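Some notes on the structure that comes next.
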Amino acid sequence: MSLLRVSWRNLWRNRRRTAITMTAIALNTLILITTYSLMGGFLKQTVRNVTQLATGEAQLHAPGYLSDRSLYKRIAYPRTVLQALGEHSIGAAPRTYGYGLVSRETKSAGALFQGVEPAMETAAFELAGHLAQGTFLAPAAHKGLVLGRKLAKSLNAEVGSEIVVLVQAADGSLGNDLFTVVGILGAVGEAIDRNAAMMHLDDFRQLFAMPEGIHEIAVNTRGRIPLDALVETLSRLAPGDEVRTWRRLLPTFSDMIELSGVSMSIFGAVFLIAAGLGIMNTMLMATYERAREFGLQKALGATPWRIVRDVTFEAWLLACVATMFGTLAGLAASYVLQTTGLNTASLAEETTISGVVFDPVWRADPTLRTVVGPVLMMWAVCVLAALYPAAMSARLDPVKSM
Amino acid sequence: MNAGPCNAARLITVVVLFLALGISAGPDVYPVLAEELSARDILNKVDDLYRGTSSQGKMTMEVVTEHWKRTLSLEFRSRGKDRSLIRILAPLKEKGTATLRSGSDLWNYLPKVNRVIKLPSSMLSASWMGSHFTNDDLVKGSRFAEDYDFRISFQGMRDGQDVVELTCIPKPQAPVVWGKVEVVVRRSDYLPVATRYYDEGLRLARTMAFTNYRELSGRLLPTVMTLVPRDKPGEKTQIVYEEIRFDVVLSDDVFSLRNLQQ
């Protein structure tokens, strides 16, 4: 194709200039792809930490439960709801909550007790695989306790430690019993780290004199069902209950994710503008040098549109070659960041933002969006930047320019 | 999932609170005559009504909440204003459960598991949400005459009773959570009739009513105390003194962790 060949030749009329511009664009592409892949991976990992570990994508509660977490606001027909969720292959875990005291020898602390069905919890969530020590709760009630790591630390508790538990039961009596620590959780989030004491649902029922009902059904489809559709399904399956997505359960965290998207866009815009100015300069110089040529073309009958097309195509070709190298380099960098990760542990031992613990090792997650996105944007910017020199060339008066 | 104040400690708090508030009465703290007393004297009498050398006795505590109602039979012993031991006699399920207050420390003995646990200090300084009492009642032990500015705000007949009402506003630095407290006493003997607690917005938060004035061990006492929280309609905590003896000799051993476990 002659346009391609002509453009290609034109590009290399000034090798050094073109090479420098290409390098700049390639570097910009490399940076954008790598940063987007890394940020994308980090956010995905963080959202995953939050939703897949324990919070879930959505939760069901009795109306008003979240405002006061009263022991008495319970989901009326949990079995029916759980069964319906099971039929829709939606992973779900029933939970009960109650405040109380945990004590070991001379240490004691307040705790948020959580009654869970270990089998369902393990099937729907990944908390069981997130232990720093020991094992998760066994499928049958056994007076075992899994503690949040900070709670365990404040009690000096280890796996095997005996813990005295004291609560005010649902009938007003003092519920108390001896439990044994079977596991200690890794970093999950401030609330769980500091307060959580998980036990088998049956142990919870006995301790709190609460023979029936649950406080929460946490739902996790592992991203299979979009949030909106999930909310719709849940509202239909459990008409009497309140449905909350993780975005509403963790509004600060959700806002932070949104905000990081905005800041990434600003970051990207700065790089794109820099690249655009580079290419505009190159094309201005290139067209200025070729004023006579364009004048001749016009004198020979070339339409202004044709000249605009030639110039912008040239700019696109330049961007195309440059982004190709940039993409290769970006993919390579992302691959390294994906496999070995970027360890930020040396910067801060642990990053907690609005109660969510962030993994210190950031791993890139190059996707179609984080790779093709920057390339397409770079192309668009290059073509746009070339429009000005292209228009200048197209408007040349053949007589004057020759 | 915030770690709210611990509801589990509600009962313990209630139990110990009453211990701190109502059980110990020392010698010579009751005005024997209806003499004219200054506002300061009246408040000191009311404060000292519940503070003394030592006491021992039995009481019944009834707690009514929206969700449950229960009655506990309790045995108590106290010495000074910061040592007390209280043990549940009934119901059977909790029989033997005991609470020891020694200074600012609180310990609980749980017979079912045969263990003693200490109430964490973080909970000592917190107020119990949802409870009929605040932890401030328990530990601070503020005195009306010292920690409040006060004045007599009413004198005369009210509800068929000749009473004196004192309005107490906490001093700026006072370790008090209330915005205002009203103390109502009978003019005849300056025994308390009611105490009304207002929050910092000066809204009524709770009322403590003193009734059934009866002679126990030769002393005239309001033998029933009823605490009604304003924000939980229908809920209340009521204490009825069954028997009480004053000036009993109680050694340090009584208030030891060893004795707690028996």
Side-chain angles (χ1 to χ4, degrees), chain A residues 54-55 66 68-73 95 97-114 143 148 150-151 154-155 162-179 188-197 207-210 216 249-250 355, chain B residues 1-15 61-72 88 90-99 105-126 128-132 231-232 235 237 257:
Chain A
T55 303
L66 284 177
D68 62 358
R69 294 198 172 262
S70 157
L71 199 57
Y72 304 97
K73 287 181 184 161
R95 293 167 187 166
Y97 292 98
Y99 290 104
L101 273 181
V102 283
S103 171
R104 178 176 172 268
E105 290 168 6
T106 56
K107 310 262 185 188
S108 53
L112 177 61
F113 294 103
Q114 193 176 341
K143 299 249 165 75
K150 287 185 180 170
L151 183 60
S154 68
L155 293 174
E162 182 188 74
I163 303 283
V164 185
V165 161
L166 174 65
V167 305
Q168 182 164 31
D171 61 359
S173 67
L174 279 179
N176 62 90
D177 219 328
L178 278 181
F179 281 74
V188 177
E190 200 54 18
I192 288 182
D193 291 356
R194 210 170 276 288
N195 303 311
L207 179 67
F208 279 87
M210 198 184 90
E216 176 176 293
L249 290 164
L250 304 164
Chain B
M1 282 195 278
N2 286 325
C6 171
N7 280 331
R10 178 191 292 185
L11 184 66
I12 305 153
T13 315
V14 167
V15 165
M61 183 172 78
E62 186 191 57
V63 183
V64 180
T65 74
E66 188 191 341
H67 301 283
W68 46 265
K69 175 188 161 177
R70 60 201 308 259
T71 307
L72 293 171
I88 298 179
L92 203 61
K93 188 187 164 193
E94 279 133 293
K95 187 175 192 291
T97 305
T99 300
D105 288 339
L106 274 183
W107 305 83
N108 295 286
Y109 170 65
L110 306 168
K112 180 183 167 189
V113 296
N114 192 26
R115 292 289 188 287
V116 166
I117 69 172
K118 187 184 175 192
L119 198 73
S121 56
S122 61
M123 293 193 167
L124 280 173
S125 61
W128 308 115
M129 196 193 287
S131 154
H132 295 163
D231 57 343
K232 296 193 181 70
E235 300 203 358
T237 301
L257 282 177

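Every chain is numbered from 1 and lettered A, B, ... according to where its sequence line falls, protein lines coming before strand lines. Only a predicted model underlies this, so the values are computations on that prediction, with no experimental measurement involved.
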For A:S173, does its backbone N or O pair with a side-chain atom of B:E94 as donor and acceptor, under 3.5 Å?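 Flag not set: sc B:E94 to bb A:S173 has no pair under 3.5 Å.
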Looking at A:N176, is its backbone amide N or carbonyl O close enough to the side chain of B:K112 to form a donor-acceptor pair, meaning the two atoms are under 3.5 Å apart?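 Between the backbone of A:N176 and the side chain of B:K112 there is a qualifying donor-acceptor contact (under 3.5 Å).
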How would you list, by chain and number, every residue that makes a side chain to side chain contact (heavy atoms under 4.5 Å, CB included) with A:E162, sequence neighbours excluded?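 Result, side chain to side chain contact (heavy atoms under 4.5 Å, CB included) vs A:E162: A:L178, B:R115.
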To the nearest 0.5 Å, atom CD1 of B:I117 lies from atom NZ of A:K107 at 15.0 Å
Nearest 0.5 Å, please: how far is OG1 in B:T99 from CG in A:L174? 8.0 Å
Choice from A:S103, A:G175, A:A196 maximising heavy atom contacts with chain B below 4.5 Å: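 Heavy-atom pair counts peak at A:S103.
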For each of A:S108, A:G98, A:A169, A:S70, tally heavy-atom pairs with chain B at distances under 4.5 Å, and name the one with the top tally. A:S108
Before giving the answer on side-chain contact (heavy atoms from CB on, under 4.5 Å), spell out for A:E105 and B:V116 the whole-Å C-alpha distance, their side-chain angles and the decisive distance to 0.1 Å. CA-CA 8 Å; A:E105 290 168 6; B:V116 166; over 6 Å; no
Min side-chain heavy-atom separation A:L101-B:K118 under 4.5 Å: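 A:L101 vs B:K118: side chains apart.
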Applying ring pair (Phe, Tyr, Trp, His ring centres under 6.0 Å) to A:F113 and not counting sequence neighbours gives none
What part of A:A170 lies closer than 4.5 angstrom to a heavy atom of chain B: side chain, backbone, both or neither? backbone
Heavy atoms of other groups near B:K93 NZ, more than 12 under 6.0 Å: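 Yes, the 6.0 Å shell around NZ holds more than 12 heavy atoms from other groups.
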